[in-house]
Amino acid sequence: MSRPAFPTPPDLASAARLQRELVKGVKLSGDWRHVRRLAALDASIKRGGELVAAAVLWDLDSGMALEAGIARIPAEGVFPYVPGYLSFREAPVYLAALEQLSSPPDALLVDGHGIAHPRGLGIATHLGLHTGLASIGVAKSRLFGEAHSPLSLEAGAAVPLCAADAPLGEPCTKGMQIGWAVRTRSRVKPVYVSPGHRTGIVQALETVLMLPRNTKLPEPLRQAHLWAGRARREGLEGRLVFG
DNA sequence: GCGACAG
DNA sequence: ATCTTGTCGC
């Protein structure tokens, strides 16, 4: 039994075409009431050429990681990194990491943008569409859109991230909002949160703010980052079960 | 033509 | 993302 392959476009033009087609299927609403476990995804790259990904299965009730799935893919021939096309490079190894988990998560938390993307199809959105799961994107830096209003320095503060074509200086109206700039920690540079798939704008923010935040990144993503790096350095693979 | 540009 | 030591601050 094999899951559907993740299509790799031959060039940027066809990749953009595919994104504009796929975006039609994005749902910006969904029911998160029964989401109990989410998978946090992050990747690391080995110089000589290997993509390593970690999927940390996070239990919302206990606030702890249950297990981690690790996968690696040769960088040879993999889609290059081009801003706006990240999913074609990293989604395949993320999907492989997810398969290492003993059971599928209820939703995805991805290191990267959701709909806060030039064509509305950031990696979190693309992965949500491909898997059918609800998803949220959390990026460490901005790719698309502008945060008009000033973001206060307190932890938990958030301001809307608006489509770049919104009237500058004016607060963007709903419909032009594509996410949030979120201060996860006092005085620390914000992260950018946007819905991926089957998730509302407000739901995305609420979900991220309910997660433990001990560093700039929400805890599940921080752990995914640590495992991806450790896996790369130590050659880990497969599944790690905690507790 | 000149910047901007997830990881 | 990766290359890298010390250093400033809570």
Side-chain angles (χ1 to χ4, degrees), chain A residues 6 8 12 15-16 19 22-23 26 40-56 70-76 78-97 108-129 135-147 153-155 161-166 168 178-197 204 208 213-218 221-222 224-235:
Chain A
F6 191 85
T8 300
L12 293 182
Q19 291 177 326
L22 291 173
V23 74
V26 177
L41 302 172
D42 190 35
S44 181
I45 303 177
K46 194 167 187 174
R47 279 217 162 229
E50 202 175 25
L51 289 180
V52 183
V56 168
I70 308 293
R72 28 212 332 133
I73 283 184
E76 286 288 315
V78 170
F79 205 87
Y81 169 66
V82 181
Y85 303 87
L86 179 64
S87 61
F88 297 111
R89 177 174 180 77
E90 297 190 344
V93 73
Y94 280 160
L95 293 171
L108 305 176
L109 190 67
V110 189
D111 185 3
H113 293 283
I115 65 170
H117 173 281
R119 291 165 294 283
L121 212 88
I123 188 168
T125 301
H126 202 159
L127 281 168
L129 282 169
S135 63
I136 293 173
V138 178
K140 296 181 293 300
S141 64
R142 189 197 68 89
L143 169 66
F144 182 75
E146 296 291 342
L153 300 171
E154 301 90 72
L161 182 64
C162 311
D165 57 358
L168 206 67
I178 54 180
W180 310 83
V182 183
R183 189 89 67 186
T184 51
R185 295 283 289 176
S186 174
R187 205 154 264 288
V188 173
K189 296 296 293 179
V191 293
Y192 297 84
V193 176
S194 59
H197 181 51
V208 168
R213 287 169 280 125
N214 307 309
T215 62
K216 172 170 177 170
L217 285 177
L221 277 176
R222 191 191 66 113
H225 184 72
L226 291 176
W227 280 112
R230 182 172 305 177
R232 171 180 62 87
R233 293 189 301 274
E234 302 176 14

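Lettering follows sequence order; numbering is per chain, from 1.
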- Query: Side-chain contact, heavy-atom cut-off 4.5 Å: A/V52 with A/W227?
  - Reply: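 Of all side-chain heavy-atom pairs linking A/W227 with A/V52, none is under 4.5 Å.
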
Strictly distance-based, threshold 3.5 Å: is any side-chain N or O of [X] a donor or acceptor partner for the main-chain N or O of [Y]?
{"X": "A/H113", "Y": "A/S141", "value": "yes"}
{"X": "A/R72", "Y": "A/A231", "value": "yes"}
{"X": "A/T184", "Y": "A/L217", "value": "no"}
{"X": "A/R185", "Y": "A/R213", "value": "yes"}
{"X": "A/H197", "Y": "A/H126", "value": "no"}
{"X": "A/S135", "Y": "A/A124", "value": "yes"}
{"X": "A/Q19", "Y": "A/G84", "value": "yes"}

Show me, pair by pair, the donor-acceptor contacts under 3.5 angstrom made by side chains of residues 186-196 of chain A, not counting sequence neighbours?
residue: A/S194; atom: OG; partner: A/G114; partner atom: N; Å: 2.7

- Query: Using Watson-Crick pairs (N1 to N3, plus N6-O4 or O6-N4) and G-U wobble pairs, both distances under 3.5 Å, which stems of at least 3 pairs involve DNA chain B?
  - Reply: none

- Query: For nucleotides 3-10 of chain C, read 5' to 3', which letter fits each nucleotide if B means a protein heavy atom sits under 4.0 Å from the base, S means only the sugar-phosphate is that close, and - means neither?
  - Reply: S-------

- Encode nucleotides 2-7 of chain B as B, S and - characters from 5' to 3', where the letter depends on protein heavy atoms closer than 4.0 Å: B to the base, S only to sugar-phosphate, - to neither. --SBBB

- Message: For A/K140, is there an ion pair with A/D111 - N to carboxylate O distance below 4.0 angstrom?
- Response: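 A/K140 and A/D111: salt-bridged.
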
- Could you check A/V23 against A/R119 for side chain to side chain contact (heavy atoms under 4.5 Å, CB included), going step by step and ending with a plain yes or no? CA-CA 8 Å; A/V23 74; A/R119 291 165 294 283; over 6 Å; no

- Note on the structure: Contacts of A/I45 meeting side-chain contact (heavy atoms from CB on, under 4.5 Å) (sequence neighbours excluded), chain-then-number -> A/L51, A/R89

- Message: Pairs counted only when both distances fall under 3.5 Å, Watson-Crick or G-U: show me the 5' to 3' dot-bracket for DNA chain C, [ ] for pseudoknotted crossings and | for other-strand partners.
- Response: ..........

- Message: Once you apply a heavy-atom cut-off of 4.0 Å, does A/H126 come out as touching a base, just sugar-phosphate, or nothing?
- Response: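 Since no nucleic acid heavy atom lies under 4.0 Å of A/H126, the category is nothing.
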
